[in-house]
Each structure stands twice: as structure tokens, then as C-alpha cells.
Amino acid sequence: MAESELSNSAIADALEELGDLYELDGAIVHRVLAYRAAAKAVREASVSVAALALEGRASELPGIGKTLQEKILALAQTGAIPAAERLRAKFPPGLIAITRLPGLGPKRARLVHSELGVDSLQALRDAALAQRLRTVRGLGPKLEESVLSALVELDANPTAHASPRVVLPRALEIGQELVAGLAARAGEGAHIELAGSIRRQADSVKDIDIVATTISEGGPQILAKSLSKLEQIEQVSSAGKAGAKARTHSGMGVDLRIAAPGQLGNLLQHFTGSGPHNAALREAAVRMGLHVSEYGILNDATGATDTYETEHHVYQRLGLSYIDPELRENRGELEAARGGTLPQLIELADIRGDLHSHTIASDGHNTIEEMALAARDRGYEYLAITDHSASHGFGNDVSPEQLRRQIELVREANTRVQGIELLAGSEVNILPDGSLDYDDELLGELDWIVASVHTSFGISAQAMTARMITAMEHPLVDAIGHPTGRLIERREPYALDLAAVFTAAARTGTMLEINANPARRDLSDVNARGAARAGVTIVIDSDAHRAGTLANMRWGVATARRAWLTATQVANTRPWPELEQRRKRHAQQRR
DNA sequence: GCCGTTTTCGGCCCGACTGTTTTCAGTCG
């Protein structure tokens, strides 16, 4: 296999930069959008795009054609794209920073560069202070004002983006508080719900989108005014009949949109998105002579705009079966909905047990029995106790001797606590050479083994891949925990050849985890989908460190749904005896 | 620059808001 250290994320960054540069250069918007779409496809790919390009196969990815295949190949072979070099020489780097300011895009950046010679944020500030921006046709005093206030904000907080992304549970919590607050003030007959990326159950959320309908005459005004009264809201920037825009004290944007009940389906469909899903949906609709917006569907043939109360009817009108919100990312769901081949997605109620949990034996906060009772309360049939292993290194090491004692304690608790099967397991460290930190004899006494990387994240992709594959080839390793090590919005995944890992997992019968900790969700949606396509069995685990966080399972199921997974593709939707028989140590015995 | 129930060229979603305008361009989601 072609080996390249050029990561997908580095390629995606390069394509985005090139798109920005072409935009500054005045390229037509569709060409720029093509670069952005290609960057997204590269970032989401679960195989090495550099390796694909070296084989001449990058154009197999959606949105990448002959030209971009060549440009990625050049980047992989020479470390640079000639067109980007040329454009970088033409436009000073400060111009890109200017396009990032609110209210300023490529057109205006180009304008201030050509008319005033502005080539940096500092030069822009000087021009605004000297009131020179208003001398350019199309620009005025208001823009000077907004430029200066944006620069002040940037100075105060140079690293943070204007609106940071937060992980889903936090956004959902704020969103639900806002919905409850609005509902309490809206009166009878109002319907209020969350849309946007929260409803799609994305990894992280930038803005909270709220959709509301009201039947009373002054309903819209009451709702918009109610929003400004909520304690979470810092300020409302605009309010009208159709809705309001606001910002929370924590800095999240809030977009409230209001419609008549008869349009709820149209509004909800529009505001659930995603952007690429809606764009693709609308392009397909145009070919049918239909124009879709949040207000309804305009029919070219009749000139009438039809509105729909439910999303089901919106999709039906467009010749599509209903698409679950988690799938609306333009990753093939429209074609599947057209052909009636969408999957029956896994649900939280399908989960029968949890195979990754911690207790006070390592870094957990509850006893075996407390965890067992909490799992039973959740309706589980089984729970694996998998404390950290002998070299965890955070003061929570479980020595071989302690593990033997822990196994006895689990067995005792299993006889004491009725109504749930307790499994004695371990989350064993995968050492840099791929070996494990207990000997095989002790590992052989365990019911369930999840192996994870917790150290030496910085080794090369080649070394990390070999390390993982060695661990998967161990006959007693049932599953790999949080396989890429990413932390959402905080830490990139470690360098790893995922395609090779998936192949090895399928070959050895090792399961790969979707770790349901909402800061991890690892495997990610696209990677879990890639793994399942490669024939890998997925297991969804809470990785709970206290009884309460067994409930994190829901975020893992959310990721599985975004990965198009059905219940049958996930191991722990099966009763333990059935799951137990399907894992590799039995498959190996059968041979 | 991509792509095909308008297939190798000519299209490529839809609307709101803002500021600068007197009909609209640019930006944003």
C-alpha cells in the first residue's frame, strides 16, 4: 500500500485555502464552492486521500474530478500546489484574514486592496480610523464602524472564533431550556422545537435553531419578545414577524423562526438542514419543475406554492421516502430515499448491554454493585466492568494481583445482584509495540477485553497502524476502544491508516468501538460507516466512569445513526449468549 | 471545478438582512 504522511485534514486545509484564493481572484462562485465541497469530502473520507491520489483514484470521492485529482497528487508528491503558489504571490496573506471579518467577504477585501492598497488587518484598521473606507464606492461609515468593532473584539480574544462550537449535550441543554422558556410564555396552541445541527445530532453545534408555530394573531411578536426575556439570552440582534436572532451569554447564536402551522413541515425541513442536504434536495427538485424553500414548494406548472404540515409530506412530494434528520448531510441519503433503500436506523431501545465501564478499582467513581444496579435500571441484560490496566499511569493502575481480586469481586456481585449479568473485563492498554500490559494467562480469565491506546499518541501513522493491528491479532482482544483518540473540538485523531485497521478488524473478527462519551464519539459517524462497510462489527459503549454516565450511550447511538447503522450491525443489540458466541475466540475454536 | 431522468456543455437552491443605494451588491446561513 502507498504510504503517505500527508493527512486528509492537511489536504482539506490546502483545498480550502486554494478556494479562498480563487475567490479573492474573482473566480465564479461555483468554482469556489467546488473547492469547499471537495475539502469537505476529503476531510470526511475514511481512507487516505493522498494514497488514493497516488493511485490516480481520488476522483472516486464525490466532488473530486480530474483537476482536483491532479492537484492533490501534486501536493502529495511535491508538497505544494502550483496554482496556490502563484496566487499566494498575488495576494498578501492579510487579505484572507480580512475576508474572515463579519460583513467583509472576498469582494470587499479585493476592493479595499485594489482601491486603497489595504493588505492586512492593521492597514484596514488605519484606513477605517482615517475614514478612508467611505471614499470607496459601495462602502460607507457603517462599514468603518463595524470593521473597527470587529477588530476590537478580535484583539480581546485573538484565538477564539466569534462563535465557538460546543459539544452536542451542552448545546442540547441550552436549546431545551430556551424551548421550555418560550413554551411557558407563548400560550396555548404554540408549537416549539429544536432544529438544525442539534436535531441532526451532530458532534458539535455552532448555532441553536428553533422552529415555532403559533395560531394566535400576535403570536410571532409575543414569541420574539419572549426570547429577549429569557435569562440565557444576552441580546436580541434582530426581531421581526418571521422570527428573531439572538445570542446567549455563553456566546452561542440563536435563530428563532416562526411560521403558520400549515407550513411547519416546510420550515422544519429547511431549518434542520444541513446546508448541503438542502442544496442537493433543491437542485433535484428544480429538475422536477419544483422550487423548495422554507415557505413551501412552488410548482412551475401551476404557479402555486403548496405548503405541508409535516416533513414526511415534503419528502413525499419530492418523490422521496422520509429521511431521518441524522442522515441529512448529503452523503447519499437522497439517492437512497429515491430508491427506497434507506436503512432502518438503530435506536437506543435496541441496546441490550454496555461493554465498557469503570469503577473505583481504577478511575471510576462508583462500586461494581452501584454500576450494576444503574445498568439494570436502564433495562440492560449485561454490563462489563472494564477498569484500566496495569500501566495506566494516572495513579489508577490495576496490578495483576488487583485484577485477580477484581474478577472475584465481579463474580460475587454477579451472584448478589439479580436481573443483570456482570462480566469481568478490562480496558487493557495497547503498548507502543502493540503488546498488552497483562499476560495471556490472566487475560484468559476475563469475560471481555477492550484494548485501547492511552500513550504515545505522537508516533507515525505507519507505527500506529502496526501497533493497532498487532493488538487486533491478539486472540483474546474482543474490541478496540476509542480507535482514533480524537476529542471533539479539542484534539485531532492520531495519525492512523484507518483503511488498513478496518481490513485487519474484519479479518481478525475484532470489533471496533463507537465510544459514546460525547467528547469522543469515536469512531466518528463517517469512520463507523466506513468500518461497517468493510465488514467490521461495531460495539457501542458508554465508557462510563460513574453510574450517571451510563446514560452517555445515547450519544453513541446518535453517532451510529449518523453512520447509517442498523441494529444488526451493532454487537450489543444482541443478548449476551448470542454475542458471546459470535466473537473471535469462539470463531477461532470452531476452526 | 463538478457533473448527467436537459449526459461532455451549460448549468450549478433559496431567501433574509444590511448598508448603501433610488434598484442592488455583498454577505450570510
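In what follows, every chain begins at residue 1, and chains take the letters A, B, ... in the order their sequences are listed.
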According to the ring-ring contact (aromatic ring centres under 6.0 Å, His included) rule, which pairs have a member within residues 23-82 of chain A, sequence neighbours left out?
->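 Every ring-ring contact (aromatic ring centres under 6.0 Å, His included) pair that includes a residue of residues 23-82 of chain A, provided the two are not neighbours, is A/Tyr22-A/Tyr35.
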Please collect all ring-ring contact (aromatic ring centres under 6.0 Å, His included) contacts where either partner lies in residues 119-150 of chain A, sequence neighbours excluded, each pair once.
->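 Applying ring-ring contact (aromatic ring centres under 6.0 Å, His included) to every pair that reaches into residues 119-150 of chain A, excluding sequence neighbours, yields nothing.
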Does a side-chain N or O from [X] land closer than 4.0 Å to OP1 or OP2 of [N], or not?
{"X": "A/Thr67", "N": "B/dC2", "result": "yes"}
{"X": "A/Lys245", "N": "B/dC28", "result": "no"}
{"X": "A/Tyr295", "N": "B/dA16", "result": "yes"}

If only atom types and distance count, is the side chain of A/Gln235 paired as donor or acceptor with the main-chain N or O of A/Ala246 below 3.5 Å?
->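 Pair absent, no side-chain N/O of A/Gln235 close to backbone of A/Ala246.
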Looking only at atom types and distance, does a side-chain atom of A/Thr135 sit under 3.5 Å from a main-chain N or O of A/Gln131, one as donor and one as acceptor?
->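 Not confirmed, A/Thr135 side chain does not pair with A/Gln131 backbone.
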[X]: what forms a salt bridge (charged side-chain N to carboxylate O under 4.0 Å, His left out) with it, not counting sequence neighbours?
{"X": "A/Glu144", "value": "A/Arg134"}
{"X": "A/Arg200", "value": "A/Glu329"}
{"X": "A/Asp525", "value": "A/Arg331, A/Arg562"}

Can you list everything that forms a side-chain hydrogen bond (donor to acceptor under 3.5 Å, both in side chains) with [X]? Sequence neighbours excluded, please.
{"X": "A/Asn527", "answer": "A/Ser524"}
{"X": "A/Ser226", "answer": "none"}
{"X": "A/His113", "answer": "none"}

Earlier contact from the 5' end, DNA chain B, for A/Gly138 and A/Ser59 |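 Taking each residue's closest nucleotide, the earlier one in sequence belongs to A/Ser59.
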Closest-nucleotide ordering on DNA chain B, the 5'-leading residue of A/Pro141 and A/Tyr22 =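 Counting from the 5' end, the first nearest nucleotide belongs to A/Tyr22.
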What integer distance in Å separates [X]:[atom1] from [N]:[atom2]?
{"X": "A/Leu87", "N": "B/dG1", "atom1": "CG", "atom2": "P", "result": "10 Å"}
{"X": "A/Asn278", "N": "B/dG29", "atom1": "CG", "atom2": "C1'", "result": "10 Å"}
{"X": "A/Gln69", "N": "B/dC2", "atom1": "CD", "atom2": "C1'", "result": "14 Å"}
{"X": "A/Asp255", "N": "B/dA16", "atom1": "CG", "atom2": "P", "result": "12 Å"}
{"X": "A/Leu33", "N": "B/dG1", "atom1": "CG", "atom2": "P", "result": "13 Å"}
{"X": "A/Glu16", "N": "B/dG1", "atom1": "CD", "atom2": "P", "result": "17 Å"}
{"X": "A/Leu256", "N": "B/dC17", "atom1": "CG", "atom2": "P", "result": "12 Å"}
{"X": "A/Phe271", "N": "B/dC28", "atom1": "CZ", "atom2": "C1'", "result": "12 Å"}

When the [atom1] atoms of [M] and [N] are compared, how many Å lie between them, rounded to an integer?
{"N": "B/dG1", "M": "B/dT5", "atom1": "C1'", "answer": "23 Å"}
{"N": "B/dT6", "M": "B/dC2", "atom1": "P", "answer": "22 Å"}
{"N": "B/dT23", "M": "B/dA16", "atom1": "P", "answer": "22 Å"}
{"N": "B/dG11", "M": "B/dT18", "atom1": "P", "answer": "34 Å"}
{"N": "B/dT20", "M": "B/dA25", "atom1": "C1'", "answer": "9 Å"}
{"N": "B/dC13", "M": "B/dG19", "atom1": "P", "answer": "27 Å"}

With a 4.0 Å cut-off, would you call A/Arg88 and A/Glu85 a salt bridge?
->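 Looking at A/Glu85 together with A/Arg88, the answer is yes, because their closest N to O distance falls below 4.0 Å.
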For DNA chain B, find the residues of [range] with a heavy-atom distance under 4.0 Å and give them by number; none if there aren't any.
{"range": "residues 298-320 of chain A", "answer": "none"}
{"range": "residues 282-291 of chain A", "answer": "A/Arg282, A/Glu283, A/Val286, A/Arg287, A/His291"}
{"range": "residues 99-114 of chain A", "answer": "A/Leu101, A/Pro102, A/Gly103, A/Leu104, A/Gly105, A/Pro106, A/Lys107, A/Arg108"}

Shortest side-chain distance from A/Lys206, nucleotide among B/dG29, B/dT20, B/dG15 |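 Looking only at side-chain atoms, A/Lys206 lies closest to B/dG29.
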Given B/dC2, B/dG19, B/dC14, which nucleotide is nearest the side-chain atoms of A/Lys142?
->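 The answer is B/dG19.
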Just checking, is any N or O donor in the side chain of A/Ser274 or A/His277 under 3.5 Å from an acceptor N or O on the other one?
->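 Side-chain D/A pair, A/Ser274 to A/His277: absent.
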Just list the side-chain donor-acceptor pairs under 3.5 Å for residues 256-271 of chain A, sequence neighbours left out, or say none.
{"from": "A/Arg257", "atom 1": "NH2", "to": "A/Glu294", "atom 2": "OE2", "distance (Å)": "3.4"}
{"from": "A/Arg257", "atom 1": "NH2", "to": "A/Tyr295", "atom 2": "OH", "distance (Å)": "3.2"}
{"from": "A/Gln263", "atom 1": "NE2", "to": "A/Tyr295", "atom 2": "O", "distance (Å)": "2.9"}
{"from": "A/Asn266", "atom 1": "OD1", "to": "A/Tyr308", "atom 2": "N", "distance (Å)": "2.7"}
{"from": "A/Gln269", "atom 1": "NE2", "to": "A/Asn278", "atom 2": "OD1", "distance (Å)": "3.1"}
{"from": "A/Gln269", "atom 1": "NE2", "to": "A/Tyr315", "atom 2": "OH", "distance (Å)": "3.2"}
{"from": "A/His270", "atom 1": "ND1", "to": "A/Arg282", "atom 2": "NH2", "distance (Å)": "2.7"}

Looking at every strand, decide which applies to A/Leu68 at a 4.0 Å heavy-atom threshold: base, sugar-phosphate, or nothing.
->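 Contact class for A/Leu68: sugar-phosphate only.
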If you look at every strand shown and take non-hydrogen atoms under 4.0 Å, does A/Val292 touch a base, only sugar-phosphate, or nothing?
->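 Sugar-phosphate contact only.
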Using purine N1 to pyrimidine N3 plus N6-O4 or O6-N4 for Watson-Crick, or N1-O2 and O6-N3 for G-U wobble, each under 3.5 Å, what pairs with B/dT8?
->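 Base partner found: none.
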